[in-house]
A.B. asks: 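Take a look at this one; I'll ask things after.
So that the names make sense, note that chain A is the first sequence line, chain B the second, and so on, each numbered from 1.
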Amino acid sequence: KNEVEQSPQNLTAQEGEFITINCSYSVGISALHWLQQHPGGGIVSLFMLSSGKKKHGRLIATINIQEKHSSLHITASHPRDSAVYICAAILNDMRFGAGTRLTVKP
Amino acid sequence: NAGVTQTPKFQVLKTGQSMTLQCAQDMNHEYMSWYRQDPGMGLRLIHYSVGAGITDQGEVPNGYNVSRSTTEDFPLRLLSAAPSQTSVYFCASATQRNTEAFFGQGTRLTVV
């Protein structure tokens with residue numbers, strides 16, 4: 001069993017829908033990192049959080065340390081949000097989930 | 001501000017050839033790392049460095065070497081390429097080991 005599990009693996013939504021991507025981890029962590037990988041392949045950092053909630057534009061990330069669970073929410077989804085979203089649990093090094101492929105259709 | 005720059009973007013090697021993947025950052029970050037990304041799997045750590053002159057192995061180091069002679073550069077060497085090393089390779093940097101990471105654009109390597 002992977003230390004970091006993401007669900008769903010694939011997600012297709014209509015433009016405007018509310019999106020939730022989940023990340024569960026089995027190790028104790030100091031923080032959790034949410035990353036976005038676009039079809040071109042580059043990886044960009046979205047959030048790094050160790051407690052509570054962070055918001056940036058239409059993106060919201062939450063984490064529950066006790067339950068070892070984090071969620072990434074996208075409000076009013078748009079086709080440009082189509083990407084692979086990756087969570088990484090940080091202890092000494094990052095342990096990555098396999099990613100969630102999101103497709104938002106117009 | 002270039003951030004993390006990886007070269008080349010694409011490479012095809014024959015089995016047994018050697019090559020070096022280049023990684024440079026201009027953010028004065030102490031921590032640099034190399035990952036490989038394979039289909040259906042999360043990124044896996046190959047090697048990392050916490051500062052110039054210091055390197056260590058990650059989860060999947062076999063077949064790869066690294067060095068860190070300067071803060072800016074962290075090249076990854078494939079000693080004798082094997083088809084199992086066909087993957088997408090990412091370099092990343094961070095101010096410290098457990099802080100926000102910044103990734104390069106990746107190198108898609110195919111070993112035939």
A.B. asks: Examine whether an atom of Q9(A) lies under 4.5 Å from a heavy atom of chain B, and if so say whether it belongs to the side chain, the backbone or both; otherwise answer neither.
C.D. replies: neither

A.B. asks: What's the spacing between E100(B) CD and F47(A) CZ if we round to 0.5 Å?
C.D. replies: 10.5 Å

A.B. asks: State the NE2-CG distance between H33(A) and N98(B), to the nearest 0.5 angstrom.
C.D. replies: 11.5 Å

A.B. asks: I'd like to know if V60(B) and V66(B) are part of one continuous hydrophobic network [Ile/Leu/Val/Met/Phe/Trp/Tyr, side-chain heavy atoms within less than 4.5 Å].
C.D. replies: yes

A.B. asks: Indicate the atoms forming the closest heavy-atom contact of Q37(B) with I86(A), along with that distance.
C.D. replies: NE2-CD1, 4.1 Å

A.B. asks: Does any non-hydrogen side-chain atom of L43(B) lie less than 4.5 Å from one of I43(A)?
C.D. replies: yes

A.B. asks: Where do F103(B) and L35(A) come nearest, in terms of heavy atoms and distance?
C.D. replies: CE1-CD2, 3.9 Å

A.B. asks: Specify the closest pair of heavy atoms between A98(A) and G40(B), including all atoms of both residues, with the distance to one decimal.
C.D. replies: CB-O, 3.7 Å

A.B. asks: With clusters defined by side-chain heavy atoms of hydrophobic residues (ILVMFWY) lying less than 4.5 Å apart, directly or transitively, does M19(B) cluster with W34(B)?
C.D. replies: yes

A.B. asks: Hydrophobic cluster membership, with links at side-chain heavy-atom distances under 4.5 Å among I/L/V/M/F/W/Y: are V4(A) and V84(A) in one?
C.D. replies: no

A.B. asks: When you check the side-chain N and O atoms of D93(A) and Y35(B), is any donor under 3.5 Å from an acceptor?
C.D. replies: no

A.B. asks: Determine whether L102(A) and I60(A) fall in the same hydrophobic cluster, where Ile, Leu, Val, Met, Phe, Trp and Tyr are linked whenever their side-chain heavy atoms lie under 4.5 Å apart.
C.D. replies: no

A.B. asks: What heavy-atom pair brings M94(A) and A101(B) nearest, and what distance separates the two atoms?
C.D. replies: CE-CB, 3.6 Å

